[in-house]
Number of protein chains: 2
Amino acid sequence: MAGGVLANGEIGRLIGLVSRLPGLGPRSARRIVLALLRDPKGRMVPLARAMQEAAASVRTCSRCGNLDGKDPCHICMDPSRQQDVVCVVESVADLWALERAGTYHGVYMVLGGVLSALSGVGPDDLNLRPLLTRLDEGSVREVILALSATVDGATTMHWLQERLGGYGVSITRVAQGVPVGGALEVLDDGTLAAALSARRPVV
Amino acid sequence: MAGGVLANGEIGRLIGLVSRLPGLGPRSARRIVLALLRDPKGRMVPLARAMQEAAASVRTCSRCGNLDGKDPCHICMDPSRQQDVVCVVESVADLWALERAGTYHGVYMVLGGVLSALSGVGPDDLNLRPLLTRLDEGSVREVILALSATVDGATTMHWLQERLGGYGVSITRVAQGVPVGGALEVLDDGTLAAALSARRPVV
């Protein structure tokens, strides 16, 4: 808040906290706080309670790095999932995205980042140990690399390929190509080239 | 959340509540909740506490309709403000906007809406009684109408002009014209016409 009437007090403090959330600013924070203030019992108190509960119960899964109310998380403990297929992702957000797609039935390994010389992220900063332990135990059949198609993502995939190569498991990576629903003419050259070189016979 | 791993549990419930806030959707809600989960003690718990406190303490000012931790609010109780100049606004959001501008030193009357045939808002739905009481007491010198320049806002201003006309106080309305910093060529015809007809001599 730019000074004035709301600089202090409960409302100003709340707007300040909300405006620092990702994607929000002072304007959207004011709008959200006003909406909450208009219905304290129906909206603000339930939201505050849900946050308190989540803060108290949600933890990082020690097996895969997922965020869940339980450790190991419910994906790692799900007997209907293939525990010998491990999909390596950068973040929990990526894990959620794959879960929403709803077609993957293995488990995950959340790295917590990708290698980045610029940001100073090295191999030791990534959460790979649980996967190596599972590979040592011989309980993994396939490792799927599902990292972003960025320079850092590609670097990390190369490093993972070398790092995991000695275990004798199948290492795959998600396909690159034309997004479903995407118009060809607006695609960038890199995606078009990747889609063309990875073409498959029409069945 | 579209089904899947987050349909239940603390995280899914929290995302659901956040995604129903104004201006947010499932995607931005997931991003916000992930940011909160990454720092429960530093971000989520303080935010939850601020909401609990605001929900417990913030109330509607019985004199002007403002939202504040006290009733009457700190604007109505501020001895340095002109208590005999009342600015009529539609909502607390508009009151905040005027306070941010920082040049108004009177008090407010928050109507809580504008007359609207479409939305079924009639004169009885607006919070005007406290202003009428003050007018009856003879403690008001000027009423400033600061409503949005929409059809409903104009209708409400006309109605207020008639309703308050008998009290013998000065009734003014905020000027319409070229916004500060606004380029003339991109302005709509209505604003240009209003700015032209309300032209003032160069001092």
Side-chain angles (χ1 to χ4, degrees), chain A residues 1-6 9-11 13-18 20-24 27-28 30-38 40-41 43-60 66-70 73-75 91-93 95-102, chain B residues 1-6 9-11 13-18 20-24 26-28 30-38 40-41 43-60 66-70 73-75 91-93 95-97 99-102:
Chain A
M1 292 300 302
V5 62
L6 291 170
E10 301 85 352
I11 301 178
R13 199 156 51 235
L14 186 52
I15 291 173
L17 287 169
V18 172
R20 284 195 286 278
L21 294 174
L24 301 183
R27 189 180 283 262
S28 43
R30 286 195 294 270
R31 198 164 154 226
I32 287 170
V33 168
L34 258 183
L36 289 172
L37 285 171
R38 283 205 186 102
K41 277 182 196 159
R43 297 186 85 172
M44 188 137 62
V45 173
L47 182 55
R49 280 216 192 107
M51 282 187 191
Q52 297 273 25
E53 279 166 28
S57 70
V58 174
R59 64 210 72 194
T60 301
N66 186 18
L67 289 166
D68 197 52
K70 287 175 191 151
C73 75
H74 70 282
I75 294 177
S91 67
V92 175
L95 185 158
W96 288 0
L98 284 164
E99 285 299 295
R100 282 199 302 281
Chain B
M1 293 299 302
V5 61
L6 292 169
E10 300 86 353
I11 302 179
R13 199 158 50 236
L14 186 52
I15 291 174
L17 286 169
V18 172
R20 283 196 286 278
L21 294 174
L24 301 183
R27 188 179 285 261
S28 43
R30 285 195 295 268
R31 199 165 153 224
I32 287 170
V33 168
L34 257 184
L36 289 172
L37 285 171
R38 285 205 186 102
K41 277 181 197 158
R43 298 187 83 171
M44 189 139 61
V45 172
L47 182 55
R49 281 217 192 105
M51 282 187 192
Q52 298 272 23
E53 279 165 28
S57 69
V58 173
R59 64 211 72 195
T60 301
N66 186 17
L67 289 165
D68 198 52
K70 288 175 192 151
C73 75
H74 70 283
I75 295 177
S91 66
V92 175
L95 185 159
W96 288 0
E99 285 298 295
R100 281 199 303 281

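No experiment lies behind these values; they were computed from the predicted model shown. Proteins come first, then strands; the chains are lettered A, B, ... in the order of their sequence lines, and each starts at number 1.
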* **Residue A:R38 versus chain B: region with a heavy atom under 4.5 Å** => side chain

* Asked: Between A:L34 and B:A93, what is the shortest heavy-atom contact and its length?
  -> CD1-CB, 3.3 Å

* Quick one: pull up CZ in A:R43 and CG in B:L17 and give me the separation to the nearest 0.5 Å. => 9.0 Å

* Any idea which of B:S57, B:S28, B:G69 has the most non-hydrogen atom pairs under 4.5 angstrom with chain A? -> B:S57

* With a 4.5 angstrom heavy-atom cut-off, could you sort out which part of A:S91 is near chain B: side chain, backbone, both or neither? => side chain

* A:R13 side-chain N/O to B:A54 backbone N/O, donor-acceptor pair under 3.5 Å -> no

* **Gap between atom CD of B:E10 and atom CE of A:M51 - 0.5 Å precision** => 14.0 Å

* Structure fact -> If you tally heavy-atom pairs under 4.5 Å between each of B:A55, B:C73, B:A35, B:G23 and chain A, the highest tally belongs to B:A55

* Structure fact -> If one checks every heavy atom of B:V92 against chain A at 4.5 Å, the contacting part turns out to be both

* Do you know which of B:A48, B:P40, B:P46 has the most heavy-atom pairs with chain A at a distance under 4.5 angstrom? -> B:A48

* Point-to-point distance, once rounded to the nearest 0.5 Å, from CH2 of A:W96 to CD1 of B:I11 -> 5.0 Å

* To do: Calculate, to the nearest 0.5 Å, the distance between atoms CG and CG belonging to A:L47 and B:L47 respectively.
  => 7.0 Å

* **Minimal non-hydrogen separation, B:A50 against A:L14, with atom names** => CB-CD1, 3.8 Å

* Quick one: of A:V33, A:L37, A:V45, who has the most non-hydrogen atom pairs under 4.5 Å with chain B? -> A:L37

* Could you go through the side-chain contact (heavy atoms from CB on, under 4.5 Å) check for B:R49 and A:Q52 one step at a time? => CA-CA 8 Å; B:R49 281 217 192 105; A:Q52 297 273 25; 4.1 Å; yes

* Structure fact -> Turns out that what part of A:L36 lies under 4.5 Å from chain B's heavy atoms comes down to side chain

